[in-house]
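Structure record follows, encoded as C-alpha cells.
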Amino acid sequence: MLQRLLLLASPLILACSTASEARPADPAAGGAEAPNVVYVMSDELAYFELGHMGNPYIRTPNIDRFAAEGMRFTHAYAGSPVCAPLRCNLMTGMHAGHASVRANDGGTPLRAGEPTIASMLKDKGYATGGFGKWGCGGRDSTGVPEEHGFDTFFGYYDQVHAHSFYPPYLVRNSEEVPLAGNVGGRTGETYSHYEIMDAGLDFIRENKDRPFFCYLPITPPHGMYDIPADDPVWALYADDEWMKRDDVKQDVKNYAAMVSLVDRNLGQVLELLDELGLDDNTVVFFTGDNGGQDRFRSPDHPRGFFGPNVDPRTGVEFRGGKGNLFEGGLRIPSMARWPGHIPAGTVSDLVFYQPDVLPTIAALTGATSPEGIDGMSIAPTLLASGDQPEHDFLYWEFGSQLAVRMGDWKGLLSRKGGGGWDEVLAGRTGTWTLYDLAGDVSEERDLAAEHPERIAAMAAIAAREFTPARPGTYHDPARARHEKDRDAKWGTSPDRPAPRRPKGKPNQLKGKDLLPAADMTVVSFSSQNEANGKLAARAIDGDPSTIWHTRFSDVLERHPHELVIDLGAVRAVTGLRYLARQDGGWNGAFAETELYLSTDPERFPETPAATTTFKRLRKSQALDLPAPVPARYVRVRVLSENKGGPWASAAEIGVTVSDR
C-alpha cells in the first residue's frame, strides 16, 4: 500500500547539529532536538528528467540513490507554473489566489512584514541563509530576503539576472559582490553557481553547532545553458554516443551536464552532512520548482529532446508545460530523506503543492505557522505517523488560466483578452474545461458538459478563493538597482543582443522649452504592468521605444489612470506633451486627459489646469496652458482610451516650461 506523502516543490534538507544545548525541542521527533533545515530547489528540473524515472540521456546517480533511500512523490505540484509566483507560494504558504506575488517579472515584491519560512524559523532561534535565486522582490523593495527572515542571502534577487552564469556580480543582502573576470553573458572566469554552492556549504559548516535553515533555490539547469568544459560531471557522459553527435547542439549537451551538476550538488550536501555528523537527524527534500518546458524540440523530439513531460517508459504525456496550468506546467519531481524518520524506499501518491511546505517545516521543527495560510502539513505522511489530512481543493491562477483540483477532478477556466479574475468570475464569463486525472492524466477529454455540478462547485471555490493581488512596493520608484541587476545578465558582454526597436525611426516629443527628462522623476502612479517591465518611470525616460502601461497581466486596472511627476523645482509650466507608444500597438493610447498642477505632491486642485482629448496619432501631441502656472508637481489623469479599452500607455510624457 502506498504511503501518501506531499511532495515539496523544491529540495529540502534538514540537518541537525550535535550541540544539543543550543537546540529547541521538536514535537514531531518525540521531543528530541529540532532538526536543521536545508531546502534545495532546482530551477526547472522536470518530472521525467531523472535517471530513476527512466530518462535515457541524463545521468543523476546521487538523486537516484536519494530516491531509493527516502520517499518519492508522484503527485507533487508547483504553486504556480513559473518562477517568481511559486517562490512566493513556497515561502509564505499562500496559494495563488492569496499570494502577493503573481506576476513573473522577478521584481514584484512581498509586502513588508509578510511572514516566510525563514522568519518563522528565525523566531525559533534558527540561523537562516539563502543561496540561489530569490524572485520575491528586487533590491530596494519591501520584498528583499533580508527583510523576510534571512540572516544572509547570496545570489540573484532578480530572475533575469539569474539567466547568466557569468554576471559581473552577485548580490549579498542587497549589496553587490563582484565576480572576477566576468562582464555578463555566456563566458567569463568565475562560474557563479560554484560561488553560490560554496557559500551554501560554508553556511552549513559555520552553523553546524546551532539550528539552521539553509535554503538553496539553485539556478541550474535554467537560464543560459552554460557549464565549464572542465566540470567533473562531463565524465559521466564519456561513453555516451549521443554526446559525440555533431547534430546534437551544444546547448542540449550542456543542459544534461547541468542537471548532473545539480545531482553532484545534492551529493555534496549529503556528504557534508555525513562528515559533520548531522545525517541521521537531517530531513532532505529534493524537487524542481515548476513543470518542465519542452525545450530543444525537433521533428524527432516534438516534446523536447529530453521529453520532460513524457514518461519514457510508457509514452504517456503531461499536457502543456511551464507557463500554463495543465499537468505539464505544474507536476514536479520531489522526494524526501531523513534516516530513521522517513521510511526508505517509499513511493507516495498524496496530492499537495508548494504552499504546504511552510506548515510542514513548522511541524517538523516545532515552529508555529503564521495564521491564515493556505497550506497543510504533510508531516504525518513524511513520518508515517498519525492521520494525514488531505486538501478539499487546490487552487492556481496564472496568465489567462485559473484552475481548481478537487480529488481526481481538475477544472480549468480560460479567459480571453484583458480582464481581472474578479470580473471574469463575477460575470461568469470565460470557458471551463474539466478532466478526470485518474483516467486522463494527459487532459485530452473535456468532461465539462457531462458534469455541470462539478464545474459549479469549482466555480464557487474560485470565486471565494480569488482575491486581488496586493504586492509590495519599491522604495525607489525608478527601481535603479533592480534594473541594474536585470541589465547585468548581459552587462558589457560583446555578445549582448541588440535591443529590439520599432520598425522605422520612432517619433520624438516636440515642443519649445521641453524640460529634460533627466530633470523629472515619477513620484506616484495608479498602476504599472510589472510583469513585462512597462513601468511608470518609462514614461519620462527620454526613450520613445520604451512604454509605461497600466496593470493588466494579473489584475486589470481600469480608468481613471494617473501618474504624478516631480519637476525637481518650482517651474513656470506652460503645457504637456504626449507621445503614444511607438511599437505598432494602440492599447492604452490616451484620449480624455486632465492636467493638474501643484507645489505639493499630496494636494492638487479639484479643477484641472487644462483638459484635452488626444487623437490616435503616433506623433507628439500638445496640451498647452493659456498662461504659465508655477508648479513643481504635475498630475496627468487619463479618463479614457482611444479604442475604448480600459488601459493607459505612453511612450513619453513631457512638460514644457517658460523658465528654462
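Numbers here simply count residues along the sequence, with the first being 1.
Salt bridge absent: D311 and R313 never bring a charged side-chain N and a carboxylate O closer than 4.0 Å. At a threshold of 4.0 Å, the pair R297-D294 does not count as salt-bridged, since none of the basic side-chain nitrogens sits closer than that to a carboxylate oxygen. Salt-bridge formation is not detected for the pair R481/E176: no Lys NZ or Arg NE/NH1/NH2 atom is positioned less than 4.0 Å from an Asp or Glu carboxylate oxygen. Taking the charged nitrogens against the carboxylate oxygens, E44 and R295 do have a contact shorter than 4.0 Å, which makes a salt bridge. No salt bridge links D495 with R186; every basic N to acidic carboxylate O contact stays at or beyond 4.0 Å. With salt bridges taken as basic N to acidic carboxylate O contacts below 4.0 Å, one links R337 and E69. Salt-bridge formation is detected for the pair R87/D289: a Lys NZ or Arg NE/NH1/NH2 atom is positioned less than 4.0 Å from an Asp or Glu carboxylate oxygen. A salt bridge links D240 with R59: at least one charged nitrogen is closer than 4.0 Å to a carboxylate oxygen.
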For the pair Y57 and Y255, evaluate ring pair (Phe, Tyr, Trp, His ring centres under 6.0 Å) and give the outcome as yes or no after the intermediate values. CA-CA 11 Å; Y57 299 106; Y255 184 89; over 10 Å; no
Chi angles and distances behind the ring pair (Phe, Tyr, Trp, His ring centres under 6.0 Å) call for W134, F153: CA-CA 8 Å; W134 174 238; F153 193 98; 5.6 Å; yes
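Remark: the backbone N or O of F48 is paired with a side-chain donor or acceptor of N55 at under 3.5 angstrom. Without hydrogens or angle criteria, N207 side chain to F203 main chain gives a donor-acceptor distance under 3.5 Å. At distances below 3.5 Å, not a single donor-acceptor pair connects side-chain atoms of D43 with backbone N or O atoms of P220. Side chain of D140 to backbone of H482: no donor-acceptor contact under 3.5 angstrom is found.
Looking only at atom types and distance, the side chain of D64 has a donor-acceptor partner in the side chain of T60 under 3.5 Å away. Defined by atom type and a distance below 3.5 Å, a donor-acceptor pair is missing between the side-chain atoms of D263 and S260. T128 and Y215 are not linked by any side-chain donor-acceptor pair at a separation below 3.5 angstrom, with hydrogens and angles left out of the test. For the residue pair H163/K489, the side-chain donor-acceptor check at 3.5 Å is satisfied.
Note on ring orientation: taking the six-membered ring where Trp is involved, the planes of F165 and H193 are perpendicular (angle over 60°, cut-offs 30° and 60°).
Annotation: cation-pi pair K484/Y169 present, NZ/CZ under 6.0 Å from the ring centroid and within 45° of its normal. In this structure, R172 is positioned above the aromatic face of F154, its NZ or CZ under 6.0 Å from the six-membered ring centre and within 45° of the axis.
Note that CG of L170 and NE2 of H161 are 5.5 Å apart. Values are rounded to the nearest 0.5 Å. Here the OG1-CG distance, from T492 to N182, works out to 10.0 Å after rounding to the nearest 0.5 Å. To the nearest 0.5 angstrom, M376 atom CE is 13.0 Å from S369 atom OG. To the nearest 0.5 Å, the span separating CG on L121 from CZ on F212 amounts to 11.5 Å.
Tested against R264, the residues V269, I63, V233 include a single side chain to side chain contact (heavy atoms under 4.5 Å, CB included) partner, V233. If you run side chain to side chain contact (heavy atoms under 4.5 Å, CB included) between M71 and each of T346, L350, V347, only T346 comes through.
Counting non-hydrogen atoms of neighbouring residues, nucleotides and ligands closer than 6.0 angstrom, the NZ atom of K249 reaches no more than 12 such neighbours.
Aromatic rings of Y191 and Y166 (six-membered ring for Trp) have centroids within the 6.0 Å cut-off, being under it. Under the 6.0 Å cut-off for aromatic ring centres, H391 and Y353 qualify, their centroids lying closer than that.
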